[in-house]
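Data block below; observations after.
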Amino acid sequence: ARTAIIVACLKPLAVAAQEQRALFIGNSFSYVQGGVWAQYESIAEYCVPGLQVSVTSNAVGARTLSMSIAGPPAEMVKSGGYDLLVLQDQSDLMISGTSAVHDFFAPEAARHKATVGFYETWAKPVTGSNFTTGTLWRKAVYEKYAEISRDAGVPRVLIARVGEAFSKVLELYSGDTDEPAFNALYDIDREHPSLLG
């Protein structure tokens, strides 16, 4: 997961002066291990000398992007004050996220002239399921979200390809989801990321 964030960070973001204000909207995949935003802040400030990242977040376990178009996360998005809006959908319930991105998140980001970053999730290594197929489905959904955002006039759209990074690690072990090195990417629940993941 960190690798994907580092890759996203290596493409310098346009920032006013040397400050970047980032808003993260997501769920438990975003907030475990101290929050992906803390890792992003550290990596971005390292990659861009002199950059000061200020982060605001709103993440609630199991929440979808569709659920985030109302209440506190929606108010945070509407109020602006961010250069980067990072969105992470509920990994298993992404079906209605397309309309949330189309009708709310992309137009709001375009209105505020903010970059949108999508934090791509991954499949669970569950017996009887196909990790690669599940992760490729998620990749396709996030690519659709990115396309919708570009079409709405968002000035810059990025995808932190975390799910794909998980798949690359799995490929190193011939697709063996029981491989301890692959499972080191997961917390004990084999769903959320470990600190390494």
Side-chain angles (χ1 to χ4, degrees), residues 1-15 20-33 35-44 47-48 53 55 57-59 63-66 68 73 77 82-110 112-124 131-171 185 192-193 197:
R2 280 188 184 168
T3 302
I5 295 169
I6 291 169
V7 170
C9 156
L10 291 177
K11 296 179 180 177
L13 295 172
V15 292
Q20 181 187 65
R21 297 157 301 157
L23 171 59
F24 283 74
I25 303 292
N27 58 50
S28 59
F29 275 49
S30 293
Y31 70 66
V32 297
Q33 310 301 340
V36 70
W37 43 82
Q39 295 171 13
Y40 175 80
E41 181 178 359
S42 296
I43 294 168
C47 289
V48 183
V53 177
V55 172
S57 62
N58 189 293
R63 185 173 62 198
T64 65
L65 285 179
S66 294
S68 299
V77 171
Y82 49 86
D83 307 299
L84 172 64
L85 174 61
V86 179
L87 302 171
Q88 179 255 313
D89 206 351
Q90 209 281 356
S91 197
D92 295 326
L93 302 172
M94 299 172 69
I95 295 168
S96 59
T98 304
S99 60
V101 173
H102 181 273
D103 298 340
F104 180 70
F105 290 110
E108 286 295 323
H112 295 293
K113 297 177 178 50
T115 294
V116 172
F118 292 99
Y119 176 48
E120 180 190 78
T121 55
W122 50 91
K124 300 172 204 158
F131 180 88
T132 302
T133 300
T135 298
L136 288 174
W137 173 77
R138 287 160 179 81
K139 173 187 177 199
V141 172
Y142 278 105
E143 287 176 346
K144 182 66 177 173
Y145 291 173
E147 178 186 333
I148 290 167
S149 299
R150 282 190 291 274
D151 290 348
V154 172
R156 189 164 189 200
V157 181
L158 306 168
I159 301 174
R161 297 185 178 276
V162 186
E164 293 167 69
F166 272 55
S167 287
K168 291 291 182 192
V169 172
L170 184 60
E171 283 176 25
L185 297 174
H192 293 90

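What you see below is based on every heavy atom in this structure, not just the backbone, and it leaves out hydrogens, waters and symmetry mates.
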Margin query: Suppose we screen for salt bridge (Lys or Arg N to Asp or Glu O under 4.0 Å). Which residues come up paired with E108, at least two apart in sequence or across chains?
Written below: R111

Check: In chain order, what residues pass the ring-ring contact (aromatic ring centres under 6.0 Å, His included) check against F29, with sequence neighbours excluded?
Finding: W122, H192

Notebook entry, point to check: Is there a donor-acceptor pair under 3.5 Å between the side chain of E164 and the backbone N or O of K139?
Noted result: no

Note to self: Check this for me, if you would: do D89 and R138 make a salt bridge, where the nitrogen-to-carboxylate-oxygen distance has to be below 4.0 angstrom?
What the structure shows: no

Note to self: Measuring from atom CG of N27 to atom CG of L65, what distance do you get when rounded to the nearest 0.5 angstrom?
What the structure shows: 8.5 Å

Check: Checking Q88 side chain against T121 main chain: does a donor-acceptor pair fall under 3.5 Å?
Finding: no

Item checked: Sequence-distant partners of Y31, ring-ring contact (aromatic ring centres under 6.0 Å, His included), two or more places apart -> none

Notebook entry, point to check: In terms of ring plane angle, is the pair F166 and F131 parallel, tilted or perpendicular, where the classes change at 30° and 60°?
Noted result: parallel

Check: Is there a side-chain contact between Y142 and R161 (heavy atoms, below 4.5 Å)?
Finding: no

Item checked: The single option from L158, V86, L85, V157 passing side chain to side chain contact (heavy atoms under 4.5 Å, CB included) against F118 -> V157

Next item on the list: Working to the nearest 0.5 Å, report the span between CG of L23 and CG of L87.
Entry: 8.0 Å

Notebook entry, point to check: Considering all heavy atoms of both residues, which atom of Y145 and which atom of G97 are nearest to each other, and what is their separation?
Noted result: OH-CA, 3.2 Å

Note to self: Keeping E120 on the side-chain end and G163 on the backbone end, is there a donor-acceptor pair under 3.5 Å?
What the structure shows: yes

Note to self: Just to verify, what does D103 make a salt bridge (Lys or Arg N to Asp or Glu O under 4.0 Å) with, not counting sequence neighbours?
What the structure shows: none

Check: Where do S149 and A106 come nearest, in terms of heavy atoms and distance?
Finding: CA-CB, 3.7 Å

Checklist line | Straight-line distance of F104 CZ to S68 OG, nearest 0.5 Å | finding: 9.0 Å

Checklist line | Sidechain-backbone polar pair: T115 side chain, L84 backbone, donor-acceptor under 3.5 Å | finding: no

Notebook entry, point to check: Between atom CD1 of I25 and atom OH of Y119, what is the distance when rounded to the nearest 0.5 Å?
Noted result: 15.0 Å

Notebook entry, point to check: Would you find a donor on one side and an acceptor on the other, under 3.5 Å apart, between the side chain of S66 and the backbone of S96?
Noted result: yes

Item checked: Partner residues of R63 under the salt bridge (Lys or Arg N to Asp or Glu O under 4.0 Å) criterion, sequence neighbours left out -> none

Checklist line | All salt bridge (Lys or Arg N to Asp or Glu O under 4.0 Å) counterparts of K144, not counting sequence neighbours | finding: E147

Notebook entry, point to check: Does the Y82 side chain pair with the main chain of V77, one donor and one acceptor, at a distance under 3.5 Å?
Noted result: yes

Next item on the list: State, without any angle test, whether Q20 and Y40 hold a side-chain donor-acceptor pair at a distance under 3.5 Å.
Entry: yes

Check: Are N58 and F24 close enough that some pair of their side-chain heavy atoms sits under 4.5 Å apart?
Finding: no

